[in-house]
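Structure first, then comments.
Chain letters run A, B, ... following the sequence lines, proteins first, then strands; residues in each count from 1. What you see below is based on every heavy atom in this structure, not just the backbone, and it leaves out hydrogens, waters and symmetry mates. Bear in mind that the values here come from a model prediction, so they are computed numbers and not experimental data.
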Amino acid sequence: MSAIDFSDPATIALLTEALMAAGVDGLEISRPDGQLRIVVAGKDGARISPPEATPHAPGLAPGSASVVVKAPMAGRFHVEHPASAAPQNLPRSVSEADIVGFVGVGHILLPLRASRSGVLTRLLAERGAPVGFGDPLFEIELQS
Amino acid sequence: MPETPEQSAAGRFDTVLIANRGEIAVRIQRACRELGLKTIAICSEADREAPYGKTADSFLCIGPSSAAKSYLNQDAILLAAHLAGAGAIHPGYGFLSENAAFADAVEKAGLIFIGPTTSSIATMGDKISAKRAMMAAGVPCVPGPDAALPDDPATIERIALEIGYPVIIKAAGGGGGRGMRVVPKADVLHEAIVLTREEARKAFGSPSLYMEKFLQHPRHIEIQVVCDDHGNAVWLGHRDCSMQRRHQKVVEEAPAPGIAPDIIQSVGLACVQACLQIGYRGVGTFEFLYEDGAFYFIEMNTRLQVEHPVTEMTSGVDIVQAQIRAAQGHVLNLNQGDVTCEGHSFECRINAEDPETFLPSAGVVTHLTLPVGPGIRVDTHIHAGYKVSPYYDSLIAKLIVHAPTRAEAMARMREALAGTEVEGISTNIPFLRALFEDGAFARGETDIHYLEQWLKLRRAA
């Protein structure tokens, strides 16, 4: 049937990568000419691809010196802490550790950090609106 | 005056979060709308463009493409349900549908799990306790002890001898063809036990194994049941799902051809009896091996199944609606005497995979033509321009036909397959077309090994 050579290290590496991407921790292939078993080691064992960027870490928007802060989970988007009366104006300077907003579900409120220093220029989601995982929330222009 | 069950049921929930993707997300959404319920669709990043997102009342992305971080992420699903105001969660099939801990978490969050109770899932999810429950209800089981295998190799050898080789070793927590090994003779027994135990521990979190007689040429026959919370249960018919490749069903049909009505009748009633004994709620399927005129229980699926449409076609009952109504607390609106089996139905699973090697095929569907005509139904989520992602299973559509007789239903399926065109990705359609030309399949009563042998002969030719 297929001409795949399961004894080829490149094939095994590819399969291992596919297993990890799919979150599967083992594979067994039996064929008349032999058997292949791949067992992916525990969480901190062999890792082929680098861990995914944490969702709230901004990724560079293409072709510009700005980053977008994305929602780390589904929730309601808050620009200010619900208990705070002071509105946050735009644009404003922010540094890496600054909390620039929140995503909340019920009593759970997850702070969003700027993660990069720069000028917070734009809101990309409506205040108080439900947002999904990965939805863009803020744009931060990086300081050169 | 106390409320009747019907009065209290109406207020149980009005919004359903559908914790699944693909064709079944579409199917459940349709059933909800027809029942006047609002729907919440969820997705992973890979499914952001899913068409059922646009037709749902709300649509939320809950996590990255990897299923473990989205469709299997219990916390993310519960938070989404809370955020969007769901009163109930429908788990569909696969993913969290048979996860007792999830069902429990849903109920603890004050929501309704559209499925059986946590304890039913737990009892039937463990193969050993399921077998014990079935034996108690008078459902016929495969020869073998209704207890986990001990550790002592000598005792295991004695049990195998008592059953008689070949035997099959299965993980108590396994299913779907995973975590099992056939042992043809005594000298490979020990090695098989060690390997299966290791797999069971890793894959299902429990090293518990059990042993049964391995049947040589059985068919896979299953019984569909639906139950309410008020002590009513009926069986809606039986299906033959013997056309399998690597334990994955490819073609299903209802009713199973060539089985004497009085035999199936008694098995169906035993299943109903079992449901009543374990206090089962909602829809479920009892899976059996059938060999030489006898039925042997193998497992129960405590959820909606992929192949439910063939029974919908022959019974006229909307199984998804029945499941949701049961979860709402409604009294079952049919008696066993109302259940009929009209004509014959086939379902083909259209998969995005190479028709020769069966390797998954991801990519954009550049052109799509779906068959139309009397007695033809297509359950799908794809459209021209749809991107088939590599992250999930390869099912892209189910082709279902219904006709007065089995021969006419086969002819109708040939027509339906001829009228189906999917371009841009590979599908198993050419393979299904060839299968529906096969003589032995047309005569019926092919066993669960038939398809593998047919493929082998085809490759050799």
Side-chain angles (χ1 to χ4, degrees), chain A residues 1-4 6 11 14-15 17-32 35 37-43 45 49 51-57 59 70-78 103-110 125 128-137, chain B residues 17 40-48 53 58-73 75-85 109-110 178-179 181-182 195-196 198-203 246 354 356-360 362 389-393 455-456 458-460:
Chain A
M1 141 206 152
S2 64
I4 299 172
F6 289 118
T11 306
L14 202 70
L15 284 170
E17 202 171 344
L19 288 180
M20 291 173 67
V24 176
D25 62 6
L27 166 80
E28 185 173 322
I29 298 170
S30 298
R31 297 210 307 187
Q35 256 196 355
R37 293 182 75 223
I38 300 177
V39 177
V40 178
K43 285 188 176 61
S49 53
E52 255 185 87
T54 47
H56 59 273
K70 292 180 176 180
M73 67 175 206
R76 211 166 279 284
F77 176 48
H78 301 281
V103 171
V105 181
H107 298 297
I108 301 168
L109 212 55
L110 198 71
V131 292
F133 170 88
D135 284 357
L137 303 178
Chain B
L17 181 141
I40 301 157
I42 58 164
C43 72
S44 69
E45 286 208 294
D47 286 332
R48 273 181 183 273
S58 41
F59 186 36
L60 266 179
C61 180
I62 61 156
S65 303
S66 149
K69 293 176 181 167
S70 48
Y71 299 109
L72 289 168
N73 184 339
D75 292 337
I77 292 170
L78 287 171
L79 285 173
H82 189 88
L83 179 73
R178 298 191 310 143
R181 260 190 181 70
V182 177
L195 274 176
T196 315
E198 180 201 329
E199 272 177 11
R201 187 184 292 118
K202 281 202 77 95
R246 301 198 171 169
D354 186 284
E356 297 296 325
T357 63
F358 297 99
L359 291 172
S389 87
Y391 292 99
Y392 316 107
D393 82 9
L455 284 167
K456 210 178 274 177
R458 213 161 153 252
R459 279 186 206 113

Among A/Gly104, A/Ala18, A/Gly75, which residue forms the greatest number of heavy-atom pairs with chain B at distances under 4.5 Å? A/Gly75
Between B/Ser70, B/Gly63, B/Cys43, which shows the greatest number of heavy-atom pairs under 4.5 Å with chain A? B/Gly63
For B/Leu195, which atoms come within 4.5 Å of any heavy atom of chain A: side chain, backbone, both, or neither? side chain
Give a yes or no on whether B/Tyr391 atom OH has more than 12 heavy-atom contacts from other residues, nucleotides or ligands under 6.0 Å away. no
Where do B/Leu83 and A/Ala74 come nearest, in terms of heavy atoms and distance? CD2-C, 4.0 Å
